[in-house]
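Report on one structure; see the data block that follows.
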Amino acid sequence: DEPMVLSVGDLLVLRAIAEPAQATNPTLLCTGGNAIAIGNSPLAGIFFVHAMKEGQAKVRIAAADGAGAFAQFPIEVRRPTPPPAREDGFQAYFGDLRAAAAPGPAFAAARETAGMDFLAIASAETPPEAWLGLVEATTQASRNGFLGFAGSAAGWNAIGKDSFGREVSAGGGVVLLNLTLPAPVRTATTLEQLMLGLRNERNPLAMFTEESSPGRLVDAASRFQGKPSEKLLQALALFEICNPSLAHQTLLEDSYTLALDNGWRVAPTATGGLETATAPRTAILAAALERGALLEAILQRRVYATERP
């Protein structure tokens with residue numbers, strides 16, 4: 001039989017009917033294969049087929065009484081069809097620029113489970129030998145329509161004042177891309193100072209992240225007061241505005257708006273995890289799925305955040 005074709009992330013609802021209607025035990029069981037996951041419904045005969053990754057699978061519905069009666073059909077799960085080309089010649093590529101995980105499993109999950117086009121691994125205080133291992137892992141993972149990026153996470157500590165004059169923590173964090181070496185391990189008190197430690201990097205790119213508690217966001221303006229240097233404005237290209245793992249993620253967009261009001265030229269990004277193909281994603285508009293093309297798109301701020309890619 002010709003297989004039913006699904007795309008990664010699709011959900012198929014099946015309704016199976018046991019015959020004869022007066023069967024002593026009308027209970028049915030549904031099983032699948034590696035490319036799909038089967039979910040049960042509280043309603044008899046209703047099953048959910050989740051397309052998890054590219055591949056072949058076979059759905060089999062059988063009588064639970066052991067009589068041997070069954071029905072089955074094949075399913076082929078394919079990578080989602082890319083949208084038609086834009087008039088400007090750019091294509092939207094979806095992924096995540098902030099993952100702190102073991103490179104090998106993370107890149108595999110991003111490609112096979114989450115259906116991403118790219119993923120950046122960024123950990124803090126990465127020793128040189130671990131950095132070399134990360135760079136090698138990104139090279140090995142970058143194939144068959146997928147790109148891996150080696151990143152570095154860093155932060156700074158500062159004290160600001162809220163509207164009542166009270167001292168509050170006003171530090172923050174960034175994910176750094178396009179580096180030849182990991183970010184230096186040292187404590188900075190300003191973002192400018194942090195980026196000064198990358199003076200030997202030719203074109204570092206940074207994404208502002210907010211991992212702090214809501215108390216740190218009481219006076220987010222303290223992180224953006226004063227006119228930033230042109231070099232910093234160029235390097236800080238991205239701003240994370242969507243991260244469902246943060247309890248206070250609804251405040252991120254307010255901080256983003258404040259950054260724009262203070263002259264920062266930053267594009268919005270989203271962090272959604274590797275567990276599903278329908279999580280929030282960062283979209284990059286680039287001419288091709290190539291490392292140089294994506295980095296150039298980030299530099300030009302052709303980036304947006306989406307909750308449903």
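Because the structure is a prediction, the values reported are computed rather than measured.
- If you take CD on Glu290 and OG on Ser142, they are separated by 11.5 Å, rounding to the nearest 0.5 Å.
- The environment of Asn34 atom CG is sparse: at most 12 non-hydrogen atoms of other residues, nucleotides or ligands sit within 6.0 angstrom.
- Residues Met4 and Ile61 are members of one and the same hydrophobic cluster, defined by side-chain heavy-atom contacts under 4.5 angstrom among Ile, Leu, Val, Met, Phe, Trp and Tyr.
- Side-chain atoms of Arg98 and Asn243, non-hydrogen and from C-beta on, do get closer than 4.5 Å to each other.
- Contact check for Phe107 versus Ile121: side-chain heavy atoms found under the 4.5 Å cut-off.
- Here the OG1-CD1 distance, from Thr269 to Ile241, works out to 7.5 Å after rounding to the nearest 0.5 Å.
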Show your reasoning for whether side chain to side chain contact (heavy atoms under 4.5 Å, CB included) applies to Leu260 and Val266.
CA-CA 7 Å; Leu260 295 179; Val266 283; 3.9 Å; yes
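- Scanning all heavy atoms of the two residues, the minimum distance from Ala106 to Ala101 falls at CB-CB, 3.9 Å.
- Side-chain contact between Val59 and Phe47: absent, with no pair of heavy atoms (C-beta onward) separated by less than 4.5 Å.
- Using a 4.5 Å heavy-atom cutoff, the side chains of Leu285 and Gln300 are not in contact.
- Under a hydrophobic-cluster definition in which Ile, Leu, Val, Met, Phe, Trp and Tyr are linked whenever side-chain heavy atoms come within less than 4.5 Å, directly or via other members, Leu12 and Ile36 are assigned to the same cluster.
- Across all their heavy atoms, Ala287 and Phe90 have their closest contact at N-CD2, 3.6 Å.
- Shortest non-hydrogen contact noted between Ala270 and Thr306 is CB-O, 4.2 Å.
- Note that OG1 of Thr180 and CG of Leu198 are 9.5 Å apart. Values are rounded to the nearest 0.5 Å.
- Separation of atoms CE (Met52) and CD (Glu275) is listed at 10.0 Å; rounding is to 0.5 Å.
- At distances below 3.5 Å, at least one donor-acceptor pair connects side-chain atoms of Thr209 with backbone N or O atoms of Gly173.
- Sequence neighbours left out, not one pair with a member in residues 20-33 passes salt bridge (Lys or Arg N to Asp or Glu O under 4.0 Å).
- Within a 6.0 Å radius of CD in Glu129, more than 12 heavy atoms belonging to other residues, nucleotides or ligands are found.
- In the hydrophobic clustering of this structure, Leu6 groups with Phe73; members are Ile, Leu, Val, Met, Phe, Trp, Tyr whose side-chain heavy atoms approach within less than 4.5 Å, directly or through other members.
- Closest non-hydrogen pair, Phe146 versus Ala141, comes out as CD2-O, 3.3 Å.
- You'll find the side chain of Thr138 stays beyond 4.5 Å of the side chain of Pro103, heavy atoms only.
- Side-chain contact between Met195 and Leu236 is absent, with no heavy-atom pair separated by less than 4.5 Å.
- In this structure, CZ on Phe48 lies 11.0 Å from CD1 on Ile38, to the nearest 0.5 angstrom.
- Judged by distance alone, the side chain of Trp264 and the main-chain N or O of Tyr256 form no donor-acceptor pair under 3.5 Å.
- Looking at residues two or more places apart in sequence or on another chain, you find no salt bridge (charged side-chain N to carboxylate O under 4.0 Å, His left out) involving Arg291.
- Ser123 places no side-chain N or O within 3.5 Å of a backbone atom of Ala100 that could act as its donor or acceptor partner.
- Under the salt bridge (charged side-chain N to carboxylate O under 4.0 Å, His left out) criterion, Asp96 pairs with no residue, sequence neighbours left out.
- Taking both residues in full, the closest heavy atoms of Thr271 and Pro244 are given as O-CD, 3.1 Å, listed atom of the first, atom of the second, then distance.
- Between Asn25 and Ala64, the closest heavy-atom pair is ND2-C, 4.3 Å.
- Within the hydrophobic cluster formed by Ile, Leu, Val, Met, Phe, Trp and Tyr side chains joined at under 4.5 Å, directly or through other members, Leu295 is accompanied by Tyr93, Leu97, Phe118, Leu147, Phe149, Val175, Leu177, Leu205, Met207, Leu238, Ile284, Leu289, Leu294, Ile298, Leu299, Val303.
- Using a 4.5 Å cut-off between side-chain heavy atoms of Ile, Leu, Val, Met, Phe, Trp and Tyr, with links allowed through other members, Val49 and Leu29 fall into different hydrophobic clusters.
- For residues 102-118, the side chain to side chain donor-acceptor pair (under 3.5 Å) pairs, not counting sequence neighbours, are Arg79-Asp117.
- How far CD of Glu240 is from CZ of Phe208: 9.5 Å, rounded to the nearest 0.5 Å.
- For residues 259-273, the set of pairs meeting the salt bridge (Lys or Arg N to Asp or Glu O under 4.0 Å) definition, not counting sequence neighbours, comprises Glu230-Arg265.
- Contact check for Glu76 versus Arg78: side-chain heavy atoms found under the 4.5 Å cut-off.
- A donor-acceptor contact shorter than 3.5 Å is absent between the side chain of Ser152 and the backbone of Ala122.
- Judged by distance alone, with hydrogens and angles left aside, the side-chain atoms of Glu201 form a donor-acceptor pair with the main-chain N or O of Leu181 at under 3.5 Å.
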